[in-house]
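Both counts, for ligands and for their atoms, begin at 1 and track the order of listing.
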Amino acid sequence: MDHGGCRLKVKVEDGRITEIKGDREGYLNSGYSCHKARAMAEVHESTHRLKTPLIRTGKRGAGQWRDASWQEALDMIAFGLDKVRKRDGAKSVAFCQGMPKGLEHFALIRLANTFGSPNLVAVQDVCHAPRELTGRHICGFYPVADVHSRSDLIVLWGSNSRVTNEEGIINSQILARIKEGAELMVIDPRKTSLAARAGFHLPLRPGTDCALALAFLNVIITEKLFDQAFVANWTEGFEALAEHVKNFDPQWAAGVTGVGPGLIARAARAYAGAQPACMAWGNAVEQTPAAFDTIRCMISLMAICGNLDVPGGNIRAAEPKLLPPGKFVRADLVPEKRLEYLNAFYETSPKLMTVPPAFFRRAVIDETPYPVRAAYMQCTNPMLSYADSRMTQKALLKLEFFAVSDIVMTPTAALADVVLPAASQFEFDDIGHYGLGHGIILARPKIVEPPGRCLPDMAIINELGRRLAGTELWFDSHGQMIEALLAPSGHNWESFVQQGYLAGQKAFRQYEKKGFSTPSGKVELALSINSLPGATVLPQYVRPEHETDDEFPLLLTSAKSPNYLHSSYRWVQSLRRREPLPIAQIHPDTAESLGIEAGQEVWIKTRYAKILQTVDVTENIQPGVVCAVHGWWFPEIGAHRLQSWQKSNLNMITSADILGREFCTPVLRGIACSLSPLENP
Ligand SMILES: Nc1nc2c(c(=O)[nH]1)N[C@H]1C(S)=C(S)[C@@H](COP(=O)(O)OP(=O)(O)OC[C@H]3O[C@@H](n4cnc5c(=O)[nH]c(N)nc54)[C@H](O)[C@@H]3O)O[C@H]1N2
Ligand SMILES: Nc1nc2c(c(=O)[nH]1)N[C@H]1C(S)=C(S)[C@@H](COP(=O)(O)OP(=O)(O)OC[C@H]3O[C@@H](n4cnc5c(=O)[nH]c(N)nc54)[C@H](O)[C@@H]3O)O[C@H]1N2
Ligand SMILES: [Mo]
């Protein structure tokens, strides 16, 4: 479910879920399950669930609806999208997806392609695309941590896998490697529970990861701790990099990151000395305009230390034999996509095939470079998840036609013309982790009937596809879609479910046969051909545009909550009891200097706006840092009310003004801010 890959045992009695627990035989989780998983029975039965299609009766966003049949709602959506296509062209219709859950993500891309629109909008600007695509630019693949083999050292760089089970890496695997003797290094401004048991914890200032990575390169190259044979045979631009990183010694990096120079040097030596070592990286290294340079420094570290594509290092995962994503989504139907999608105007990385939210909203608001006038959204709540919520509100209100599929009424759905009730996980057959790049896919069989008249997104999209693109490009049922995808593996749905997962055939050091799929055939420590407009040949450290000052002396960042998924589940009672309020963590020194006490509601103010969250005072965070929670809204107030999504929503105080060139990433980590107590609570 969700982002994870935990195998669960679910007990069903009279069509109701009565018990959920982790399955000890789970390939990735070995018995583990999280709070969210164990609350899924409540999600199934919640009174908050949408149960029937809704059509707006009042003004946009007024919260007035009438029930509709599926037939009427789908016809209305098909009519609304087709009207814009006929008048302004297919590219004026956007299809928007949030964090992918399963196949619905690929089904939506297929819908966009068969409809003829190149504009599939996704949250990949801040999630996964920066690491995956930087990997493909620098070493020709997405180097994922091989936590299934023995490692001497595991580096968790801005990734809190204990809570997030990030990247399809279920934390149980990391714990198993630690038990076998792997050392742990955690790079995080907070002392997370994993940092507390790590041999190395580098508590850096948010947003300074690139400086730290450059200093690691400095130490390893100056002290000649690198793998000389690999560097000689398989890297491009080593001499230039070596000369370049002389500027970035630990003393310099200490001034930027706040981590002592001695600790930086020792940590770099430990990484170089561990054979093998793997690096698991999280959102923190990519939620910054400096994502490309930060991540290519990290890949350069993997490469020069001989950790690329070796067991226990960072590998090119072999995928099971399935219908490849490009075929499944029918990419062939929009051959001109690269010239026509919104990214073309901005010259982002040519490998980025989804449209970043900032470009989508500009196209709606300013009609740059051409107008987008209609949108279909699923599995996403942009009013909470996109940087700059007021820009999102402005864009959504300006759309001529707008439909949303969700499992509950959200602040985003509240602004739509038509809202569709989606079935939730456990309520339909699905495949997890397809296209994730980790070499494994998971069966997610249906366990209970969806409530009311809910339908799975795949079935909804199939119906829209048949209406908008013709029956010959679509399927008779969503089950057929799944069979088509599995066919090359030799499995059908039934046998796949029996097995539970499919993994690719493991292979290491694949470059020895074929080289690296980069322009030079080697790992590009320096870019051999500059295929990225705006990128420099070598990674640079660029100071953030808005640094801290007297007015905004603190640095704001965020971390995911163990009880929620982004903006989801605030309406699930057992989870809300565990975490009733939006909490921002600060250090006792910060609290004392500002006269703030634990449990107090405070204004968190940035150059853009201010919000309220409640303070938790803890030694487990660096002084001067505020770690707020993202995704907070108050379903109990009513999704359409401003108070519900403005009061504590972190993205009210982030901005989409400053964006990375390659992936269009805004600054989400390391934003200058101030704190002040709420005077009259
Ligand atoms: N400031 C800040 N912003 C961030 C982040 C951050 O760290 N800081 N993190 C970013 C990241 S990594 C991501 S991935 C994005 C996430 O961005 P989103 O995916 O937009 O965020 P969610 O809140 O998970 O929204 C998912 C929505 O899908 C609904 N839903 C759940 N199941 C289904 C289903 O089966 N079908 C349908 N149709 N709907 C369903 C939920 O009710 C919810 O409203 O946010 C990003 N935004
Ligand atoms: N429970 C739960 N699990 C989730 C999600 C969820 O919302 N809830 N979301 C899922 C999704 S879509 C994603 S992409 C993953 C994200 O998974 P992670 O990448 O692990 O996500 P975060 O918790 O946002 O960030 C990880 C760590 O980065 C630290 N950090 C903050 N700023 C910085 C910085 O500037 N530099 C460094 N080095 N560290 C910093 C935070 O303190 C935090 O401990 O999680 C997935 N799993
Ligand atoms: Mo994400």
*Asks:* Using distance alone, decide if ligand 2 has a nitrogen or oxygen within less than 3.5 Å of any nitrogen or oxygen in Ser561.
*Replies:*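 In this structure, Ser561 places an N or O atom under 3.5 Å from an N or O of ligand 2.
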*Asks:* Relative to the heavy atoms of Ala423, which atoms of ligand 1 are at a distance of less than 4.0 Å?
*Replies:*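 This gives 34 (C), 35 (O) as the contact atoms.
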*Asks:* Might you work through the side chain to side chain donor-acceptor pair (under 3.5 Å) test for Gln378 and Glu104, ending with a clear yes or no?
*Replies:* CA-CA 9 Å; Gln378 79 177 6; Glu104 89 294 336; 4.7 Å; no
*Asks:* Please report which non-hydrogen protein atom sits nearest to atom 25 (O) of ligand 1, along with the residue it belongs to and the distance in Å to one decimal place.
*Replies:*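 The answer is Asn381 N, 3.6 Å.
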*Asks:* What part of Cys34, side chain from CB on, backbone N/CA/C/O, both or neither, has a heavy atom under 4.0 Å from ligand 2?
*Replies:*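 Answer for Cys34: neither.
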*Asks:* Looking at His128, His433, His566, which hits ring-ring contact (aromatic ring centres under 6.0 Å, His included) with His3?
*Replies:*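 Result for ring-ring contact (aromatic ring centres under 6.0 Å, His included) with His3: His128.
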*Asks:* Enumerate the atoms of ligand 1 whose separation from the nearest heavy atom of Lys101 is less than 4.0 angstrom.
*Replies:*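 Listed by number with element, the hits are 30 (N), 31 (C), 32 (N), 33 (C).
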*Asks:* Starting from atom 29 (C) of ligand 1, locate the nearest protein heavy atom and write down its residue, its atom name and how far away it is, to 0.1 Å.
*Replies:*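 Closest protein heavy atom to atom 29 (C) of ligand 1: Asp406 OD1, 3.1 Å.
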*Asks:* Would Gln425 count as a contact residue for ligand 1, given that I'm defining contact as a non-hydrogen atom of the residue lying under 4.0 Å from a ligand atom?
*Replies:*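 No heavy atom of Gln425 comes that close to ligand 1.
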*Asks:* At the 4.0 Å heavy-atom cut-off, does Cys627 count as touching ligand 2?
*Replies:*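 So Cys627 does not count as touching ligand 2.
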*Asks:* Does Arg570 make a cation-pi contact with Trp633 (under 6.0 Å, within 45 degrees of the axis)?
*Replies:*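 No, Arg570 does not lie over the aromatic ring of Trp633.
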*Asks:* Under a 4.0 Å heavy-atom limit, does Asn563 contact ligand 2 with its side chain, its backbone, both, or neither?
*Replies:*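 The answer is neither.
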*Asks:* Would you say the side-chain atoms of Thr354 and Gln124 include a donor-acceptor pair closer than 3.5 Å?
*Replies:*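 Distance-only check passes for Thr354 and Gln124.
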*Asks:* Can you pull out the closest protein heavy atom to atom 24 (O) of ligand 1? Residue, atom name and distance to 0.1 Å, please.
*Replies:*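 I find the closest protein heavy atom is His566 CB, 3.4 Å.
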*Asks:* Going by the atom numbers of ligand 2, which of them fall below 4.0 Å from some non-hydrogen atom of Cys127?
*Replies:*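 With Cys127 as reference, the close atoms of ligand 2 come out as 14 (S).
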*Asks:* Taking both backbone and side-chain atoms of Ser567, is any N or O found less than 3.5 Å from an N or O belonging to ligand 1?
*Replies:*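 Yes, there is a polar N/O contact under 3.5 Å.
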*Asks:* Assess whether a salt bridge exists between Arg190 and Glu619, defined as any Lys/Arg side-chain N lying under 4.0 Å from an Asp/Glu carboxylate O.
*Replies:*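 Between Glu619 and Arg190 there is no salt bridge, as every charged N stays at least 4.0 Å from the carboxylate O atoms.
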*Asks:* Number the atoms of ligand 1 from 1 as they appear, then name those within less than 4.0 Å of a heavy atom of Leu668, with their elements.
*Replies:*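 Contacts of ligand 1 toward Leu668, numbered from 1: 1 (N), 2 (C), 3 (N), 4 (C), 8 (N).
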*Asks:* Compute the minimum heavy-atom distance from Pro456 to ligand 1 and say whether it is under 4.0 Å.
*Replies:*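 Heavy atoms of Pro456 never come under 4.0 Å of ligand 1.
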*Asks:* Any atoms of ligand 2 less than 4.0 Å from a non-hydrogen atom of Leu565? List them with their elements.
*Replies:*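 Listed by number with element, the hits are 5 (C), 6 (C), 7 (O), 8 (N), 9 (N).
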*Asks:* Nearest to atom 37 (C) of ligand 2 by heavy atom, Gly670, Ala284, Pro203, Gly631: which?
*Replies:*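 Selected option, by shortest heavy-atom distance: Ala284.
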*Asks:* Report, in ascending order of atom number, the atoms of ligand 2 lying under 4.0 Å from any heavy atom of Lys36.
*Replies:*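 With Lys36 as reference, the close atoms of ligand 2 come out as 1 (N), 2 (C).
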*Asks:* Which of the atoms in ligand 2, numbered in the order shown and given with their element, are less than 4.0 Å from a heavy-atom of Pro206?
*Replies:*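 Taking each heavy atom of Pro206 in turn, ligand 2 has 34 (C), 35 (O) under 4.0 Å.
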*Asks:* List every atom of ligand 1 that sits less than 4.0 Å from any heavy atom of Thr380, numbering the atoms from 1 in the order shown and giving each element.
*Replies:*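 The list of qualifying atoms is 18 (P), 20 (O), 25 (O), 26 (C), 27 (C), 28 (O).
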*Asks:* Parallel, tilted or perpendicular: which fits the ring planes of His48 and Trp571, with parallel below 30° and perpendicular above 60°?
*Replies:*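 Tilted.
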*Asks:* Nearest to atom 40 (C) of ligand 1 by heavy atom, Cys379, Cys454, Ala422: which?
*Replies:*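 Checking each option, the heavy atom nearest atom 40 (C) of ligand 1 is found in Cys379.
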*Asks:* Can you confirm, on distance only, whether ligand 1 has an N/O atom lying under 3.5 Å from any N/O atom belonging to Gln378?
*Replies:*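 N/O-N/O distance below 3.5 Å does not exist for this pair.
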*Asks:* For this output row, return yes or no: ring centroids of Phe634 and Trp645 closer than 6.0 angstrom.
*Replies:*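 Ring centroids of Phe634 and Trp645 are no less than 6.0 Å from each other.
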*Asks:* Might you work through the side chain to side chain donor-acceptor pair (under 3.5 Å) test for Thr134 and Arg296, ending with a clear yes or no?
*Replies:* CA-CA 6 Å; Thr134 304; Arg296 68 170 152 153; over 6 Å; no
*Asks:* Which atoms from ligand 1 have a heavy atom of Val126 less than 4.0 Å away?
*Replies:*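 Counting atoms of ligand 1 from 1, those under 4.0 Å from Val126 are 10 (C), 46 (C).
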*Asks:* Go through ligand 1 atom by atom and flag the ones less than 4.0 Å from a non-hydrogen atom of Asn651.
*Replies:*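 With Asn651 as reference, the close atoms of ligand 1 come out as 1 (N), 2 (C), 3 (N).
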*Asks:* If you count the atoms of ligand 1 from 1 in the order shown, which ones are under 4.0 Å from a heavy atom of Thr410?
*Replies:*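 Selected atoms, number and element: 44 (O).
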*Asks:* At a 4.0 Å cut-off, with the gap strictly under it, does some heavy atom of Asn165 reach an atom of ligand 2?
*Replies:*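 No, Asn165 has no heavy atom closer than 4.0 Å to ligand 2.
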*Asks:* With a heavy-atom distance limit of 4.0 Å, tell me whether Leu204 approaches ligand 2 through its side chain, its backbone, both, or neither.
*Replies:*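 Answer for Leu204: side chain.
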*Asks:* Pick, from Thr164, Ile187, Val123, the option with the minimum heavy-atom distance to atom 45 (O) of ligand 2.
*Replies:*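 Nearest option to atom 45 (O) of ligand 2, by heavy atoms: Thr164.
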*Asks:* Is there a heavy atom of Asn283 sitting under 4.0 angstrom from any atom of ligand 1?
*Replies:*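 Right, Asn283 reaches ligand 1.
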*Asks:* Give yes if a backbone or side-chain nitrogen or oxygen of Arg190 is under 3.5 Å from a nitrogen or oxygen of ligand 2, and no if not.
*Replies:*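 Arg190 vs ligand 2: N/O contact under 3.5 Å present.
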*Asks:* Output every pair passing side-chain hydrogen bond (donor to acceptor under 3.5 Å, both in side chains) with a member in residues 194-209, not counting sequence neighbours, ordered by first then second residue.
*Replies:*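 For residues 194-209, and leaving out neighbouring residues, the side-chain hydrogen bond (donor to acceptor under 3.5 Å, both in side chains) pairs sorted by first residue read Trp157-Asp209.
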*Asks:* Answer with yes or no whether Ser568 contacts ligand 1, where contact means a heavy atom under 4.0 Å from a ligand atom.
*Replies:*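 Within the 4.0 Å threshold, so yes.
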*Asks:* Given Ile671, Asp457, Val667, Leu108, which has its nearest heavy atom closest to atom 36 (N) of ligand 1?
*Replies:*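 Looking at heavy atoms only, the winner is Asp457.
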*Asks:* Got a sec, which residues hit salt bridge (charged side-chain N to carboxylate O under 4.0 Å, His left out) with Lys647, two or more places apart in sequence or on another chain?
*Replies:*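 With sequence neighbours excluded, Lys647 shows a salt bridge (charged side-chain N to carboxylate O under 4.0 Å, His left out) to Glu601, given in chain and number order.
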*Asks:* Does Lys560, backbone or side chain, put an N or O under 3.5 Å from an N or O of ligand 1?
*Replies:*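 Between Lys560 and ligand 1, an N or O pair is found under 3.5 Å apart.
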*Asks:* Charged N to carboxylate O under 4.0 angstrom, Arg444 versus Asp429?
*Replies:*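 A salt bridge is absent here (no side-chain N lies under 4.0 Å from a carboxylate O).
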*Asks:* Would you mind listing which atoms of ligand 2 come within a distance below 4.0 Å of any non-hydrogen atom of Gly158?
*Replies:*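 It comes down to these atoms of ligand 2: 19 (O), 25 (O), 26 (C), 27 (C), 28 (O), 37 (C), 38 (N), 39 (N).
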*Asks:* If you measure from atom 31 (C) of ligand 2 to every heavy atom of Thr557, Thr288, Leu555, Thr294, which option wins on shortest distance?
*Replies:*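 Checking each option, the heavy atom nearest atom 31 (C) of ligand 2 is found in Thr557.
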*Asks:* List the closest protein heavy-atom neighbour of atom 8 (N) of ligand 1: residue, atom name, distance to the nearest 0.1 Å.
*Replies:*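 Minimum-distance protein heavy atom for atom 8 (N) of ligand 1 reads Ser558 OG, 3.5 Å.
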*Asks:* Students should be able to answer this: which protein heavy-atom is nearest to atom 47 (N) of ligand 1, and at what distance?
*Replies:*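 Checked against all protein heavy atoms, atom 47 (N) of ligand 1 sits closest to Ser385 O, 2.8 Å.
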*Asks:* Distance only, no hydrogens: is a donor on one side chain within 3.5 Å (strictly under) of an acceptor on the other, for Asn29 and Ser172?
*Replies:*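 Ser172 and Asn29 do not have a side-chain donor-acceptor pair below 3.5 Å.
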*Asks:* Gly98 heavy atoms, cut-off 4.0 Å: which ligand 1 atoms fall inside?
*Replies:*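 The list of qualifying atoms is 19 (O).
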*Asks:* Would you mind running through ligand 2 and noting each atom that sits below 4.0 Å from a heavy atom of Met99?
*Replies:*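 Result: 12 (S).
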*Asks:* Does Arg669 come within less than 4.0 Å of ligand 1, judged by its heavy atoms?
*Replies:*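 Yes, that is the case, since the closest heavy atom of the residue is under 4.0 Å from the ligand.
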*Asks:* Provide the number and element of each atom of ligand 2 under 4.0 Å from a heavy atom of Gly282.
*Replies:*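 In order of number, 19 (O).
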*Asks:* Does ligand 2 have a heavy atom under 4.0 Å from the side chain of Pro562, from its backbone, from both, or from neither?
*Replies:*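 The answer is the backbone.
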*Asks:* What atoms of ligand 2 come within less than 4.0 Å of a heavy atom belonging to Ala559?
*Replies:*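 Numbered from 1, ligand 2 contributes 23 (O), 24 (O), 41 (C), 43 (C).
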*Asks:* Side chain, backbone, both or neither: which applies to Asp209 and ligand 2 if a contact is any heavy-atom pair less than 4.0 Å apart?
*Replies:*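 It is the side chain that touches ligand 2; the backbone stays farther off.
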